[in-house]
Amino acid sequence: MTGGALEAALPRLRSETPACAEVVHFNHAGDSPSPRPVLDVIETHLEREALIGGYEAEHEAEERIEAAYASIGRLVNATTDEIAIVENATRAWDMAFYAIQLSAGDRILTSVSEYGSNTIAYLQVADRTGATVEVVPNDEHGQLSVAALADMLDGRVKLIAVSHMPTNGGLVQPAAEIGRLAREAGAFYLLDAVQTVGQMPIGVDALGADALAATSRKYLRGPRGVGFLYVRRDRIEELIPPFLDIHAATWVSRERYEIHPSARRFENWESAISATLGLGRAIDYALDLGIEAIWARIEPLAARLRTLLAPISGVTVLDLGEVKGGIVTFTVAGVPASAVVAALRAQRINTSVSPVSSTRYDMEARQLDDIVRASVHYLTTDGEMQTLADAVAAIASSHALRS
Ligand SMILES: Cc1ncc(COP(=O)(O)O)c(C=O)c1O
């Protein structure tokens, strides 16, 4: 689809999204409600499980399960043996990160806007191994400085790991440039693409990623409780997963097991088959619309929302970066983010709080307390953005009147 065709299809796309009739949803970066075709696939599979038994329903769905891997492959330009489907993006990311062998003196380089769960993992592994965690400074746009990264590289840099788009803002990191430097330095490049997959075109080769983690429930509009990991074919076998089971490995004799040769070594035996099928359907839905067309709609929508919010007295819009995507963040002077979100929710307008602890390096550097996150998707309309801006203006002015 072209951008114009996507816009023309909006009434249909919104009418097949039940949430559009219920709420004004600006929390797509948290969870983007699924369209009816995705719900149908999930519900149908759950019905089959109830009717014929879970294992039998899985057997019946074997080809469609494999098709879900192929859909992920098409989405990120990978082969199916490079894909693992797991419970969520954090577990996907963990399975790659904890498999990288680090030792004393090894350096992990990350970005200022890195996601909290990832930094906790760096700190844990640094404590255990004596590796160091270093934060690459930002450039004048508030994104990772590619020049500073180039200066920091040496033979001890084992891992470069960044969030492509942080949880707390629309910033799109220069991921391909980072990938190029990682390749030159011989460092492993682990990309957290949780907020960008489904929102913008993602090709693992173009980005130079050795591994990439993503989720179903955000910009892909799939179900909760499922995510995936991509690992480049030639790096799979050097990564020994932190956990193994009878799916990730085979117990071949009393004393021996063999680890799965493909990325399925990062999976585990039990999984929500309905969620895998729902993820596959959500990806096909997005691919039918066209990821280019989705991005061509989201980027200007979010820019328009920033221009609606910025002039409101007391409101500060906070997004950084040369390129900005669908996450819009702001504060209302004198009103805690949680109170703004609660007041909006009372009007059936969904936003969320981005707490300091999710992106501490960045929030501390900008002296920010918790902030409000309003994220758009291609479904978002100008009318909804005006509704949000009017509601935020009312919250800001009622606070100004009280103080
Ligand atoms: C940048 C980023 N990385 C990772 C995650 C974690 O994803 P999941 O909750 O699917 O594990 C999030 C969730 O909000 C995120 O925004």
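In each ligand, atom 1 is the first atom listed, and ligand 1 is the first ligand listed. For reference, positions follow the sequence shown, starting with 1.
At under 3.5 Å, a nitrogen or oxygen of Thr167, whether backbone or side chain, sits near a nitrogen or oxygen of ligand 1. At least one N or O atom of Arg217, backbone or side chain, sits closer than 3.5 Å to an N or O atom of ligand 1. Looking at Val194 next to ligand 1, no N or O pair under 3.5 Å apart turns up.
Using the six-membered ring where Trp is involved, Tyr219 and His28 have ring planes that are tilted, between 30° and 60° apart.
Here the side chains of Thr215 and Phe228 are not in contact, with every heavy-atom distance at 4.5 Å or above. Gln143 has its side chain out of reach of Val112: every pair of non-hydrogen atoms, C-beta onward, lies at least 4.5 Å apart. Side-chain atoms of His377 and Ser32, non-hydrogen and from C-beta on, do get closer than 4.5 Å to each other.
When hydrogens are left out, the protein atom nearest atom 3 (N) of ligand 1 is Asp192 OD2, 2.6 Å; that is the closest non-hydrogen contact. Nearest non-hydrogen protein atom to atom 7 (O) of ligand 1 is Ala89 CB, 3.6 Å. Closest to atom 12 (C) of ligand 1 among all protein heavy atoms lies Tyr115 CZ, 3.5 Å.
Contacts between Thr90 and ligand 1, counted as non-hydrogen atom pairs separated by less than 4.0 Å, involve both the backbone and the side chain. At a 4.0 Å heavy-atom cut-off, ligand 1 touches Gln195 through the side chain alone.
Thr250 places no side-chain N or O within donor-acceptor distance of the main-chain N or O of Val252, the cut-off being under 3.5 Å.
Interface atoms of ligand 1 facing Thr215, defined by a heavy-atom separation under 4.0 Å, are 10 (O). Residue-ligand proximity, Asn88 to ligand 1, at heavy-atom distances under 4.0 Å covers atoms 10 (O), 11 (O). Listed by atom number, the atoms of ligand 1 under 4.0 Å from Met165 heavy atoms are 1 (C).
Figure legend: Arg264 and Tyr69 shown as a cation-pi pair, the cationic atom lying under 6.0 angstrom from the six-membered ring centre and within 45 degrees of its axis.
Residue His164 places every heavy atom at 4.0 Å or more from ligand 1. The shell of residues lying under 4.0 angstrom from ligand 1, judged by heavy atoms, includes Lys218.
Closest of all the heavy-atom pairs between Thr351 and Arg373 is CB-O, 3.4 Å.
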Evaluate side-chain hydrogen bond (donor to acceptor under 3.5 Å, both in side chains) for Thr329 paired with Asn168, printing each intermediate quantity in order.
-> CA-CA 7 Å; Thr329 47; Asn168 71 333; over 6 Å; no
Applying ring pair (Phe, Tyr, Trp, His ring centres under 6.0 Å), run through Tyr55 and Trp269 and close with a yes or a no.
-> CA-CA 12 Å; Tyr55 290 17; Trp269 196 87; 5.7 Å; yes
